[in-house]
Each structure stands twice: as C-alpha cells, then as structure tokens.
Participant: 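There's a structure below that I have some questions on.
Please read these numbers as outputs of a predicted model, since none were measured by experiment. By convention in this document, chain letters (A, B, ...) are assigned in the order of the sequence lines, proteins followed by strands, and residues within each chain are numbered from 1.
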Protein chains: 2
Amino acid sequence: MKLSSPEEYGLRCLLRMARAGGSVTIPELSEAEGLSEANVAKVMRRLRLAGLVESVRGPAGGYRLARPPERITAAEVLQALGERLLTADFCRKHAGLPEICVHAEDCSLRALLAAMQGALDSLLSATTIKDLLGNERQATVQIAARLAGVSSAPRAFLPG
Amino acid sequence: MKLSSPEEYGLRCLLRMARAGGSVTIPELSEAEGLSEANVAKVMRRLRLAGLVESVRGPAGGYRLARPPERITAAEVLQALGERLLTADFCRKHAGLPEICVHAEDCSLRALLAAMQGALDSLLSATTIKDLLGNERQATVQIAARLAGVSSAPRAFLPG
DNA sequence: GGCAAACTGTACAAATTTGTCAAGATCACG
DNA sequence: CGTGATCTTGACAAATTTGTACAGTTTGCC
C-alpha cells in the first residue's frame, strides 16, 4: 500500500504553490521538485480538471491555487489524483467468479477496506494544505491538532 | 492509493484458512478464491516467510495458520505482504535532488504520510483475522468495536 | 503580425508490478 | 523404494503504471 506517483507529486506541487504565494509556472515547479516538465504538466492538468488550481496561458502565465490553502484539504487532493481504497467495482474487477463477492470472506474484506478508508478520511479531510506549510515537526503538530478537533492557534484577524 | 495484489490476496487466503479451520492446500485456495495455483503459491510463500502460516509438504500436506485467528492482526498481514506508506528510503528514491528532503515541503509530506500510517496502524493492529470472519456487517461492527477500545463479546474460556 | 513563453493533449516508451511456467524438493503410503 | 500429491523456487511473460516526446493552442509584447 503506497501513494501513487500522481498523488505524491500533486501534493508536492500544491505545497510549492502555496509557499510561493502567487502564480507558479511548470518550469518553476519542475526545477523546484526535480521532476520533468512533462510530468509536472500531467499532474497539474489533473489538479486543474479537479478545480483545485487555475491556469493562465501565455507569457506571464502559470498556475495558482483556486482557493486559499486553508480551504484545500489533503482528502480533495488525493481524491483528484488517485483512487479510493474501496471502489465501486472492487468486487467486479477481481479474480475469478463473479458471484465471489457473496461469500463472507470477501464481504469482510470490504468491511476492512471501508474502515481503513474511513480512518484516512477522518485525517485527510481535516488536514489542509495550510497545515502542511511548516517544517515536518510543525506539520505533525498541526495534523495532530486537527485530528483532536482542536482548532490550531486561534488568533486575531490580520487586516490585508 | 490502493492495496497491492499480494496484500489483497494474502488477506483473502488467510480468511479462507481461518474459516476452513484446519489445513488447506494451494489447489483448494486457488479454487475458492479464483486465483491461479501459481499465484496462490507465491502469496502463501510470503506468509510463510513472515511466520503467519506453516506449511506441510507431501500428500495430506498444506498450510495452516501459525497462530489462532484472534492472534493474527491485519497490520501483520499487510506488513508481511507490502510496504508501509512511509519507508526509510522515501526521501532517497524520489525524483531529483538528493538534498530535496531538507526542504520544508517534503518534510511536511513525510509528516502527512506518518500521520496516515499512524491512523491505519491504530485500526489494523487492533483488528484480527477473527474479527473478519463474519459477513460484511458483522465485520464492520467488530472493527468499530476494536477501534473504540471495546473488547468484543467477552466470554468464558472454553476447555479444549 | 510575428515571436517567444507558457499551458494542453495525445501518443508512445520505459519501468514496475503482476501473473505464469517449469523444474525441483519433500513426504505419506503402499 | 517408487509413485503421486504437495510445497519451493527462480526465471520469464503480460499487464499496468509511470515517464517522455511532440505537435498543438493561447497570449503578452514588440
């Protein structure tokens, strides 16, 4: 069980964009993340189709986040770039007999997958891009706070 | 993000074995799960190397669980057949620059992966093969009970 | 209008994962 | 002690995933 390449690269690119603040080009992301431009383009396309980023063509173009970082969840990103653990066709696409899913074993496998997905969703839908902007230790603290249902560092509005 | 084939097949075969009670052969598992014998053999080998099942060769041979179903966790099974979300070489084996991991973005990705793995471990190490032996609904209830820290159906020892 | 920078989209190549095959080793039983 | 059922193992083939190439489109700027 591991993250697919698009899932990982998509997260990395979004984090880069969030840190950069404004508009970022494919060559810039390519350079920063050590990925080929073609590969970055492929990932960014999917993020655009999912509505997580917006693109501007032509010189001075590039990508920008479609929403502020605190309103983009890790769950949305992974959903946009990969599949869930338990898909609708799970019982169809696997080995052998079509009626195999009526057996108890397979159904309980579905139960396990559903529980795993649920555990991940709790975490991922509470975690935003903004939570991940610090270093590893800071991000760990933010994620833990989210899971505990504690709003991180409540502070006054800053004008502008 | 999805289960690898060995992970899925291994869980299925272990559930079959647990239901069967005693010794089960590769042809039997192959038939029951709709997998080729060669494929079953490959998966069972890894389960044996991980110490989750024991094999007997020769006629009347086969595989049996190395421990009772309530002492084999889903976490152990997945560990035996696949990789964890965050491996030691995560920062080494990925695109480009070796020093890329000193950057804040990548470290916070590590934080996310670690949190995801932690959430899954909580679930998977509390869930045993025995919890999955019923049908889908029953398994769902068992898993939920484990997560809540409630021991399922406490009952008296049975002699033998 | 022409050029260059940038995104878009499809088709193809490379790498990894998955599945199969075949030859070998072990053992119960007669 | 031979035979057949069974597990064991490494090499190979097929499928999927991943990465690249390339030909296009858009747009700001001169």
Participant: Between atom CD in Glu37(B) and atom P in dA5(D), what is the gap in whole Å?
Facilitator: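 Taking CD of Glu37(B) and P of dA5(D), I get 12 Å after rounding.
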
Participant: What integer distance in Å separates Glu8(A):CD from dT18(D):P?
Facilitator: 11 Å

Participant: Would you mind reading off the distance between Tyr63(A) atom OH and dA6(C) atom C1', rounded to a whole angstrom?
Facilitator: 9 Å

Participant: If you only use heavy atoms from C-beta on, which nucleotide in dG4(D), dA4(C), dT8(C) is closest to the side chain of Pro59(B)?
Facilitator: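 Taking heavy atoms from C-beta onward, the closest nucleotide is dG4(D).
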
Participant: To the nearest 0.5 Å, what is the distance between CD on Gln117(B) and CG on Leu120(B)?
Facilitator: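 Reported value, rounded in 0.5 Å steps: 6.0 Å.
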
Participant: Considering only heavy atoms and no angle criterion, is a donor-acceptor pair shorter than 3.5 Å present between the side chain of Arg57(A) and the base of dT25(D)?
Facilitator: yes

Participant: Between Arg67(B) and Glu76(B), is the closest basic N to carboxylate O distance under 4.0 Å?
Facilitator: yes

Participant: Distance check: side-chain N/O of Arg45(A) vs OP1/OP2 of dG9(C), anything under 4.0 Å?
Facilitator: yes

Participant: Does a nitrogen or oxygen in the side chain of Arg48(B) sit under 4.0 Å from OP1 or OP2 of dC7(D)?
Facilitator: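 For dC7(D), neither OP1 nor OP2 has a side-chain N or O of Arg48(B) closer than 4.0 Å.
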
Participant: Given dG19(C), dT18(C), dT20(D), which nucleotide is nearest the side-chain atoms of Pro6(B)?
Facilitator: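 The listed nucleotide nearest to Pro6(B)'s side chain is dT18(C).
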
Participant: Rounded to whole angstroms, how far apart are NZ on Lys42(B) and P on dT20(C)?
Facilitator: 9 Å

Participant: Hydrophobic clustering (ILVMFWY, side-chain heavy atoms < 4.5 Å, transitive) - are Leu147(B) and Ile129(B) grouped together?
Facilitator: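 Yes; tracing contacts between hydrophobic side chains, which count when under 4.5 Å, links both residues.
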
Participant: Asn39(B) side chain: which of dT20(C), dT17(C), dT8(D) is closest?
Facilitator: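 Looking only at heavy atoms from C-beta outward on Asn39(B), the closest nucleotide is dT20(C).
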
Participant: Side-chain N or O of Ser36(A) less than 4.0 angstrom from OP1 or OP2 on dT20(D)?
Facilitator: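 Answer yes for this pair, as a side-chain N or O of Ser36(A) is under 4.0 Å from OP1 or OP2.
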
Participant: Can you check whether Arg46(A) has a side-chain N or O nearer than 4.0 Å to OP1 or OP2 of dT18(D)?
Facilitator: no

Participant: At less than 4.0 Å, is any side-chain N or O atom of Ser5(B) found next to OP1 or OP2 of dT17(C)? Yes or no.
Facilitator: no

Participant: To the nearest Å, give me how far apart CD (Glu7(A)) and C1' (dT18(D)) are.
Facilitator: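 These atoms are roughly 13 Å apart.
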
Participant: Is any side-chain nitrogen or oxygen of Tyr9(B) closer than 4.0 Å to OP1 or OP2 of dT18(C)?
Facilitator: no

Participant: When you check the phosphate oxygens OP1 and OP2 of dA5(D), does a side-chain N or O of Thr25(B) lie under 4.0 Å from one of them?
Facilitator: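 Answer no for this pair, as no side-chain N or O of Thr25(B) is under 4.0 Å from OP1 or OP2.
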
Participant: Looking only at side chains, do Glu8(B) and Ser5(B) share a donor and an acceptor under 3.5 Å apart?
Facilitator: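 Checked: Glu8(B)/Ser5(B) side chains show no N/O donor-acceptor pair below 3.5 Å.
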
Participant: Could you state the CE-P distance from Met44(A) to dT8(C), rounded to the nearest angstrom?
Facilitator: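 Atom CE in Met44(A) sits about 9 Å away from atom P in dT8(C).
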
Participant: What about Leu133(B) and Ile143(B), same hydrophobic cluster or not, with Ile/Leu/Val/Met/Phe/Trp/Tyr joined at side-chain heavy-atom distances under 4.5 Å?
Facilitator: yes

Participant: Measure the distance from CD on Glu83(B) to P on dT18(C) and round it to the nearest whole Å.
Facilitator: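 Those two atoms, CD and P, are 11 Å apart.
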
Participant: In whole angstroms, how far is the P atom of dT6(D) from the CZ atom of Arg64(B)?
Facilitator: 16 Å

